[in-house]
Number of protein chains: 2
Amino acid sequence: MNNDFSSALKKSGLRKTKHRTAVLGVLDGSARPVAAEDVYLSLKEDGVSINLSTVYRVLDTLASSGLVTRLSIAGEPRSLFEINTMEHRHYLVCVGCNKIECIEGCPLKAYEKTLEKQTRYAIAGHRLDIYGYCPECRDKGRGAK
Amino acid sequence: MNNDFSSALKKSGLRKTKHRTAVLGVLDGSARPVAAEDVYLSLKEDGVSINLSTVYRVLDTLASSGLVTRLSIAGEPRSLFEINTMEHRHYLVCVGCNKIECIEGCPLKAYEKTLEKQTRYAIAGHRLDIYGYCPECRDKGRGAK
DNA sequence: TTAATTGCAAACACTTTGCACGCTA
DNA sequence: TAGCGTGCAAAGTGTTTGCAATTAA
C-alpha cells in the first residue's frame, strides 16, 4: 500500500523514475480517465517539471506493461488513461457536460458466449460506453451546453 | 430505390452534387465502415476527381444531416463512416486482421432501463464494440499479425 | 558503467479552415 | 443570380520520433 508504486513498477520490469511515479500519482488521484495533456497540466500545477512528450512516453510505457489502461470514447478525439484496476469496467458519459463516470458490473457475459457460437469468433473482449444526460443536465432543459 | 440519393439529399435540404452522390455511392457500396481516406482513394480509383478536404466536408455534412453515421473504434485513430441504416448496430472487430463486421441485434435494451433507475441519467444511447479473433485468425496460431 | 529515460525540436497523421472560384437550384 | 459547394494551401490538433544529455540500477 505504499504510494510510490515501486512494487508495481518493479513487477513490470520498469525502472522507478520521478516521472513515472508522478504520472501514476495523477492517474491514481483521478476518479475519471484523463488525457495526456491533463496529466501534464496537473503535474505542472504540482510544480513537477516534465515534458509533454515524456508524458506520452510514460503513459505509453505504462499502458504497454498493463499498469495503465488506454481508452477512447466517442466525441473525444484524444486517448484517455486510467490506472488499470484489473476490473472490467464501463463508462457512462454525459452528453450535456461531458462528465465521465464508471459503471459497476457488466451486462454482456452471457451475450459474448452466444456470439461466439453464432460467429465462430474467439471473443477477446468488448468496449461499451453508455451515453446520456446526467441528473443535473437532464434537469436544466435539454442538457444545453 | 434510385441510386443517386436524390430524394435522401433533398429530404435533408442538401443540394445534390456529383461529389455527394459519389461519396454516398462509396459508402453504400461498402459492407464495412470506411475512413475518409478510403472514400477518397476509392473515388480516385473510379476516376472521380475530388479533393480530400472535400471528402471530409461532404462526410461531415452528411453526418450532420443524419444520412451518414460517424463512428470510432478502439485501435483505429481515424473516424469511420457508413450509410446510416437507422438500425441500431454493433461491430465485431477482429484483433488479428482488423476486419470489422456488423452484428445484428442489441443485447442492451433491458440493461439501459435498469441503469436509468440506478443512475438517474437519461440514457440516450450507447456504443458497443466486440473484439476477438475471426475464424481465420483464430485458426492460424494465436492470431499473429 | 551502461542501458533505460528524458528534454527538445522536428516530424507525423488526421482533420479543419480561409478564400476565391464554380456550380446547383 | 444568389448562395451553397469545392479546390487549394495553410493551419490546427493530438501524438510520435531522433538524438544528445541525464539518470537509475
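Not measured: the values here are computed from a predicted model. In what follows, chains carry the letters A, B, and so on, assigned in the order in which the sequence lines appear, proteins first and then strands, with residues in each chain numbered from 1.
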Next item on the list: Compare every heavy atom of Y91(A) with every heavy atom of P33(A), then report the nearest pair and how far apart it is.
Entry: CG-CE2, 3.9 Å
Margin query: So does L59(B) get a backbone contact from the side chain of R70(B), meaning a donor-acceptor N/O pair under 3.5 Å?
Written below: no
Item checked: Within residues 32-51 of chain A, residues whose heavy atoms come under 4.0 Å of DNA chain D -> none
Notebook entry, point to check: Could you state the CG-C1' distance from L62(A) to dT5(C), rounded to the nearest angstrom?
Noted result: 12 Å
Notebook entry, point to check: In degrees rounded to 10°, what angle is found between the helical axes fit to the five outermost pairs at each end of the helix from dT1(C)-dA25(D) to dA25(C)-dT1(D)?
Noted result: 40°
Margin query: From CG of L52(B) over to C1' of dC14(C), roughly how many Å is that when rounded to an integer?
Written below: 9 Å
Margin query: Filter on side chain to side chain donor-acceptor pair (under 3.5 Å), then keep only pairs touching residues 114-125 of chain B, sequence neighbours left out; what's left?
Written below: E101(A)-Y121(B)
Item checked: Euclidean distance, atom OH of residue Y56(A) to atom C1' of dA13(C) [Å, nearest integer] -> 13 Å
Notebook entry, point to check: Taking atom NZ of K99(B) as the centre, does the number of heavy atoms from other residues, nucleotides or ligands within less than 6.0 Å exceed 12?
Noted result: yes
Checklist line | Heavy-atom donor-acceptor pair, R78(B) side chain to A36(B) backbone, under 3.5 Å | finding: no
Margin query: Counting primed atoms plus P, OP1 and OP2 as sugar-phosphate and everything else as base, spell out the protein contacts along nucleotides 18-25 of chain D at 4.0 Å heavy-atom distance: B, S or - for each nucleotide, 5' to 3'.
Written below: B-----BS
Next item on the list: Check the angle between the aromatic planes of H90(A) and H126(A) and answer parallel, tilted or perpendicular using the 30° and 60° thresholds.
Entry: parallel
Notebook entry, point to check: What is the distance from CG of L59(B) to C1' of dT6(D), rounded to the nearest Å?
Noted result: 14 Å
Notebook entry, point to check: In whole angstroms, how far is the C1' atom of dG14(D) from the CZ atom of R70(A)?
Noted result: 11 Å
Checklist line | Non-hydrogen side-chain atoms of T69(A) and L80(A) separated by less than 4.5 Å | finding: no
Checklist line | For E82(A), the option from L71(A), I100(A), D28(A), V68(A) that meets side-chain contact (heavy atoms from CB on, under 4.5 Å) | finding: L71(A)
Notebook entry, point to check: For K11(B), does the NZ atom have more than 12 heavy-atom neighbours from other residues, nucleotides or ligands under 6.0 Å away?
Noted result: no
Report all side-chain donor-acceptor pairs from residues 50-57 of chain B shorter than 3.5 Å, counting only partners two or more places apart or in another chain.
| unit_1 | atom_1 | unit_2 | atom_2 | d |
| --- | --- | --- | --- | --- |
| N51(B) | OD1 | S53(B) | N | 2.9 |
| N51(B) | OD1 | S53(B) | OG | 2.9 |

Next item on the list: List in chain and number order the residues that pass ring-ring contact (aromatic ring centres under 6.0 Å, His included) with H19(A), two or more places apart in sequence or in another chain; answer none if no residue qualifies.
Entry: none
Check: According to a strict under-4.0 Å criterion, is H19(B) in side-chain N/O contact with OP1 or OP2 of dC23(C)?
Finding: no
Note to self: Closest approach to the side chain of R20(B), judged atom by atom: which nucleotide of dC14(C), dG5(D), dT6(D) is it?
What the structure shows: dG5(D)
Note to self: Could you tell me how far apart R78(B) (CZ) and dT15(D) (C1') are, to the nearest whole angstrom?
What the structure shows: 16 Å
Checklist line | Atom-to-atom span, CG of L80(A) to C1' of dG14(D) - whole angstrom | finding: 12 Å
